[in-house]
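Residue numbers start from 1 in every chain, and the chains themselves are labelled A, B, ... in the order their sequence lines are given, proteins ahead of strands. In this text, all values refer to a predicted model and were calculated from it rather than measured experimentally.
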Number of protein chains: 2
Amino acid sequence: MPAIKSSRAEAVEAIMREFRNSGYDAASLARLSAATGLGKSSLYHYFPNGKEDMAKAAAARAVELVVEAVFEPLTGAGNLKARLQKTAAGLSKFYNGGKASCLVDLFTIGEAEAATPGLAKAMAEALLRAFAGAAEEAGHPKKQAKDIAERAVIEIEGALVLSRALRSTRPFQHMLARLPALLLTGA
Amino acid sequence: MPAIKSSRAEAVEAIMREFRNSGYDAASLARLSAATGLGKSSLYHYFPNGKEDMAKAAAARAVELVVEAVFEPLTGAGNLKARLQKTAAGLSKFYNGGKASCLVDLFTIGEAEAATPGLAKAMAEALLRAFAGAAEEAGHPKKQAKDIAERAVIEIEGALVLSRALRSTRPFQHMLARLPALLLTGA
DNA sequence: TCCACTGTACCGAACGATTGGTATATTGGA
DNA sequence: TCCAATATACCAATCGTTCGGTACAGTGGA
């Protein structure tokens with residue numbers, strides 16, 4: 001399936017990038033138009049409900065990418081440690097080494113929450129579940145596994161914020177390096 | 001100085017609240033006007049450069065509050081553990097138990113960064129320094145103290161994001177409970 | 001083979017509303 | 001009488017959205 005032609009999919013990719021760069025409120029239709037190369041009215045062809053539809057499509061695409069980068073490595077074959085390292089690598093790719101923001105963060109700010117109700121919450125919960133599964137597999141009892149998963153998600157989100165503030169990918173990379181150990185040993 | 005009357009200070013307080021609730025981009029002048037109870041002309045009387053000045057004033061006020069809630073307990077009298085617990089309590093108050101967002105997060109998104117250049121970075125660095133000092137006092141060597149401080153800031157920012165996404169203050173409270181131990185023992 | 005018809009993809013121009021911001025009064029207390 | 005503070009009215013620019021329309025690739029009946 002070469003999928004030689006899918007203008008819409010390309011648009012979604014560009015829109016997601018723009019939302020992650022600017023946040024929901026600052027990503028104006030003018031910006032989104034420029035980012036996609038499509039006229040404003042063309043955007044309404046693909047996304048009849050406007051900005052709201054674009055946000056939903058971007059979020060859905062982000063979920064796909066997270067599944068690819070996190071869920072699949074995490075639940076795939078091989079020993080746990082190797083899979084966790086693959087997961088860290090996947091996260092690094094998805095977050096562009098720490099330069100890109102997380103939609104869980106951005107979509108809980110300003111008008112975004114009203115436009116995409118419950119979306120960020122669902123994304124966060126999915127991440128928590130995935131990491132809790134890994135922690136359980138590492139031998140931690142259920143309750144403790146949940147705590148570890150929570151810390152993992154917190155560290156990912158927090159490291160992204162700090163990296164953005166300091167304009168350095170170092171905190172994010174540093175965090176990724178200790179992620180496997182956190183889930184394996186709980187430290 | 002009783003400062004019985006200071007309309008401007010009250011306005012700054014309300015403005016800061018609004019920025020923390022809505023983010024910089026979604027906090028329109030109409031919203032800020034409603035939040036302060038001041039007409040547009042009054043806002044421009046107090047903040048001649050408009051929204052930018054308001055953002056700077058809000059950030060300056062936030063810094064004051066963080067100094068009060070974090071820096072003073074951290075560098076005050078008493079044994080370290082007690083001071084760290086006071087710091088955690090101060091953080092809980094400043095972040096309204098986890099319901100309020102952090103300006104370090106908000107002010108690195110969208111137009112905010114252009115309006116208040118370097119501000120979020122400076123705030124983050126000040127926090128890092130304060131926590132590193134505490135970790136050193138706890139006996140950790142300089143380099144390790146820096147790592148611990150970074151983790152502390154990451155966990156604070158990350159817990160705020162997660163709490164906002166899940167619409168529950170639990171992750172933030174949970175994180176505050178382990179903050180003193182993190183700085184004391186590095187775990 | 002022709003051609004009327006349909007659906008998809010896109011665009012420029014404009015919509016009413018709201019944005020951040022300004023100019024000009026008016027008010028009221030010291 | 002001053003002058004800080006507030007009100008009223010307005011501005012250009014931009015917001016998200018919609019309209020009317022073109023270009024073109026199929027499709028299906030005659």
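- Within residues 40-57 of chain B, the residues that place at least one heavy atom under 4.0 Å from DNA chain D are, in residue-number order, B:Ser41, B:Ser42, B:His45, B:Tyr46.
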| task | Given salt bridge (Lys or Arg N to Asp or Glu O under 4.0 Å), test B:Arg178 with B:Glu155 step by step and report yes or no. | result | CA-CA 10 Å; B:Arg178 67 171 175 267; B:Glu155 290 218 25; 2.8 Å; yes
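- Looking at B:Arg167 and A:Glu113, a side-chain N of the basic residue comes within less than 4.0 Å of a carboxylate O on the acidic one, giving a salt bridge.
- In this pair, B:Phe19 and B:Tyr24 present their aromatic rings parallel. The plane angle is below 30°, not in the 30 to 60° band.
- Salt-bridge formation is not detected for the pair B:Arg17/B:Glu13: no Lys NZ or Arg NE/NH1/NH2 atom is positioned less than 4.0 Å from an Asp or Glu carboxylate oxygen.
- With A:Phe94 as the aromatic partner, A:Arg20 meets the cation-pi criteria of under 6.0 angstrom to the ring centre and within 45 degrees of the ring axis.
- B:Leu38 comes within 4.0 angstrom of nothing in the nucleic acid, heavy atoms only.
- A straight line from CG of B:Leu29 to C1' of D:dA13 spans 14 Å, rounded to a whole angstrom.
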